[in-house]
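Notes follow once the structure below has been shown.
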Amino acid sequence: MILKTKIADINDVRNICGIENSNIKQIEELFGCHIDIKGDQVLCDLNDDFKLHLLDEYFEMLQTISHNYNINLTIRDILYIKNMQDADNLEECYTLYSCRHVVGYTSTNKPIYPKTIRQIDYVKALSKYDMVFGIGPAGTGKTYLAVIHAVSLLKAGKIKKLILTRPAVEAGENLGFLPGDLKEKIDPYLRPLYDALYDSLGREQTDMLIEKSVIEIAPLAYMRGRTLDNAYVILDEAQNTTNMQMKMFLTRLGFNSKMVITGDISQIDLPSNVKSGLKTAIHILKGINRISIVEFEKYDVVRHPLVARIIERYDEEGV
């Protein structure tokens, strides 16, 4: 069968096909058919009229994005666009690819863009609000985008300090039994935060800024008794805070400061008789001016495609 969509520009053909036809192979897997692009025509072996319509609609979106928005399509784009089609939100892809703006840059000067509609909402909230909650499954970019945004403000001189924290060992932060000094005890639990910093600043500059205390990475318990002015503070894995810990953290907010709280309420490691401070906070703080709560969904997962499928299966089983 020949699709109605025509791809006249050879550059669009190359872009849609991907390196060594990697994008086409992924599309074939998604739609369960064989696909060939000959000249400006897209051919497939689908005999189902409805599936053929969906594939035609899908290729029309790919062609539009490639031709009009100068986007290098990757497997991540291929999967996300299909997710949007499955959710009957395909038109929102125009918003994603036409309104993208740079959040920040990696240490190699590569621009970082929001990769989903919800990430666009999240980045807008990071820019606008004093306190932002990013709630949702692993792989949605909650912590990574917050770090990239924070580093961009640090580079611009809009903040003087970046503080990253998380409950160190589940919720109890019982570090005493571990060998080594404080840094050696907590570093394994803060590794995801280091990884985001290394990506945005490089290892050498990150270590230098930590040495100068411009960047501080510490367990949540070390926030007690502090007021944080001119700072960007990120609390990661917040689902594992108690109500008391969360209240303590939120009341550290100082002048000219911003707080970002990220977590996944489906991954709470607290004892069953202990309430999650994150769940309580998003319930009682909803609707307060200058606080934004952004909720991500499985469609926003931008890791390996298997991550989204694993999350979906666990959700189906109620685990």
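- Exactly one residue among Tyr232, Phe249, Tyr129 makes a side chain to side chain contact (heavy atoms under 4.5 Å, CB included) with Met259. That residue is Phe249.
- The environment of Asp36 atom CG is dense: over 12 non-hydrogen atoms of other residues, nucleotides or ligands sit within 6.0 angstrom.
- Considering CE of Met131 and CD1 of Ile261, their distance stands at 5.0 Å, rounded to 0.5 Å.
- Inter-residue side-chain proximity for Asp77 and Ile65 is flagged as unmet; no heavy-atom pair is nearer than 4.5 Å.
- A donor-acceptor pair under 3.5 Å is absent between the side-chain atoms of Lys258 and the main chain of Val233, judged by distance alone.
- Side-chain contact between Arg76 and Lys115: present, with at least one pair of heavy atoms (C-beta onward) separated by less than 4.5 Å.
- Looking only at distances, no side-chain donor or acceptor of Thr140 sits under 3.5 Å from a matching main-chain atom of Gly136.
- Under the 4.5 Å side-chain criterion, counting only non-hydrogen atoms from C-beta, Val147 is in contact with Leu197.
- Between the CG atom of Leu228 and the OG atom of Ser257 there is a distance of 6.5 Å, given to the nearest 0.5 Å.
- Distance CG/Leu164 to OG1/Thr143: 9.0 Å, rounded to 0.5 Å.
- Evaluation of the ring-ring contact (aromatic ring centres under 6.0 Å, His included) rule for Phe133 yields no partner, not counting sequence neighbours.
- Under the 4.5 Å side-chain heavy-atom criterion for Ile, Leu, Val, Met, Phe, Trp and Tyr, Met244 and Ile265 are members of distinct hydrophobic clusters.
- Taken together through direct or relayed side-chain contacts under 4.5 Å among Ile, Leu, Val, Met, Phe, Trp and Tyr, Tyr69 and Leu62 form part of one hydrophobic cluster.
- Residues Ile78 and Thr74 fail the side-chain proximity criterion, which asks for heavy atoms closer than 4.5 Å.
- Counting only heavy atoms from C-beta outward, the side chains of Ser66 and Leu73 approach each other to under 4.5 Å.
- When the side chain to side chain donor-acceptor pair (under 3.5 Å) test is applied to Glu295, no partner is found at least two apart in sequence or on another chain.
- Residue pairs meeting the salt bridge (Lys or Arg N to Asp or Glu O under 4.0 Å) criterion with at least one partner in residues 232-246, sequence neighbours excluded, are Arg166-Asp236, Arg166-Glu237.
- Note on residues 4-17: no pairs pass salt bridge (Lys or Arg N to Asp or Glu O under 4.0 Å), not counting sequence neighbours.
- A 6.0 Å sphere centred on CD of Glu316 holds more than 12 heavy atoms belonging to other residues, nucleotides or ligands.
- Legend: residues meeting side chain to side chain contact (heavy atoms under 4.5 Å, CB included) with Asp229, ordered by chain and number and at least two apart, are Thr227, Phe255.
- For the salt bridge (Lys or Arg N to Asp or Glu O under 4.0 Å) condition, no pair includes a residue of residues 45-58, sequence neighbours left out.
- Of all non-hydrogen atoms in Val294 and Ala125, the two that sit nearest each other are CG2-CB, 4.1 Å.
- Note that the CD1 atom of Ile37 and the SG atom of Cys17 stand 4.0 Å from one another [nearest 0.5 Å].
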Discussion item. Between Leu278 and Ile135, is the side chain to side chain contact (heavy atoms under 4.5 Å, CB included) condition met? List the steps.
Written reply: CA-CA 9 Å; Leu278 179 60; Ile135 314 299; 3.7 Å; yes
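- Contact annotation: the side chain of Met61 approaches that of Leu90 to within less than 4.5 Å [non-hydrogen atoms, C-beta and beyond].
- Residue Tyr94 is grouped with residue Ile81 when hydrophobic side chains (ILVMFWY) are merged at heavy-atom distances under 4.5 angstrom, including chains of intermediate members.
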Discussion item. Between Asp199 and Tyr144, does the side chain to side chain donor-acceptor pair (under 3.5 Å) criterion hold? Intermediate values first, please.
Written reply: CA-CA 9 Å; Asp199 196 24; Tyr144 182 78; 2.4 Å; yes
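- Between the side chain of Thr106 and the main chain of Lys110, a donor-acceptor pair closer than 3.5 Å is present.
- Between Leu153 and Leu162 there is no side-chain heavy-atom pair separated by less than 4.5 Å.
- Judged by distance alone, the side chain of Tyr194 and the main-chain N or O of Ile217 form no donor-acceptor pair under 3.5 Å.
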Item to complete: Decide side chain to side chain contact (heavy atoms under 4.5 Å, CB included) for Gln119 and Leu145; before the verdict, give the C-alpha distance in whole Å, the side-chain angles of both, and the deciding distance to 0.1 Å.
Response: CA-CA 8 Å; Gln119 284 191 358; Leu145 286 174; 3.5 Å; yes
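- A side-chain donor-acceptor contact under 3.5 Å links Thr165 to the backbone of Ala218.
- Among residues at least two apart or in separate chains, ring-ring contact (aromatic ring centres under 6.0 Å, His included) pairs with a member in residues 264-298 are Tyr122-Phe296.
- Gln63 places no side-chain N or O within donor-acceptor distance of the main-chain N or O of Ile7, the cut-off being under 3.5 Å.
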Worksheet entry | Chi angles and distances behind the side chain to side chain contact (heavy atoms under 4.5 Å, CB included) call for Ile120, His101 | CA-CA 9 Å; Ile120 288 180; His101 65 278; 5.6 Å; no
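- Residue Asn23 holds its CG atom at 10.5 Å from CG of Leu30, rounded to the nearest 0.5 Å.
- At least one donor-acceptor pair under 3.5 Å links the side chain of Thr64 to the backbone N or O of Glu60.
- Under the salt bridge (Lys or Arg N to Asp or Glu O under 4.0 Å) criterion, the residue pairs touching residues 122-135 are Asp130-Arg290, with sequence neighbours excluded.
- In this structure, Ile210 CD1 and Gln205 CD are separated by 11.0 Å, a value rounded to the nearest 0.5 Å.
- No single ILVMFWY cluster, assembled from side-chain heavy atoms under 4.5 Å apart, contains both Ile24 and Ile19.
- With sequence neighbours excluded, the residues forming a ring-ring contact (aromatic ring centres under 6.0 Å, His included) with Tyr58 are Phe31, listed by chain and number.
- Scanning for side chain to side chain contact (heavy atoms under 4.5 Å, CB included) contacts around Asp207 gives Tyr198, Arg203, with sequence neighbours left out.
- Listed by chain and number, the hydrophobic cluster partners of Val102 are Tyr105, Tyr113, where partners are ILVMFWY side chains within reach of under 4.5 Å, directly or through others.
- Within a 6.0 Å sphere centred on NZ of Lys155, other residues, nucleotides and ligands contribute more than 12 heavy atoms.
- Remark: the backbone N or O of Gly18 is not paired with any side-chain donor or acceptor of Ser22 at under 3.5 angstrom.
- Atom NZ of Lys82 is surrounded by more than 12 heavy atoms from other residues, nucleotides or ligands within 6.0 Å.
- With hydrogens and angles ignored, the 3.5 Å screen pairs no side-chain donor or acceptor of Gln41 with any backbone N or O of Lys38.
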Practice prompt. In sequence, state the C-alpha distance, the side-chain angles, and the governing distance for Asn230 and Ile159, and then conclude on side chain to side chain contact (heavy atoms under 4.5 Å, CB included).
Written response: CA-CA 5 Å; Asn230 301 302; Ile159 57 169; 5.8 Å; no
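- Not one N or O on the side chain of Thr206 forms a donor-acceptor pair closer than 3.5 Å with the backbone of Leu201.
- Between Ile16 and Val42 there is no side-chain heavy-atom pair separated by less than 4.5 Å.
- Under the rule for a side chain to side chain donor-acceptor pair (under 3.5 Å), Arg252 has no partner lying at least two apart in sequence or in another chain.
- In the hydrophobic clustering of this structure, Ile284 groups with Leu253; members are Ile, Leu, Val, Met, Phe, Trp, Tyr whose side-chain heavy atoms approach within less than 4.5 Å, directly or through other members.
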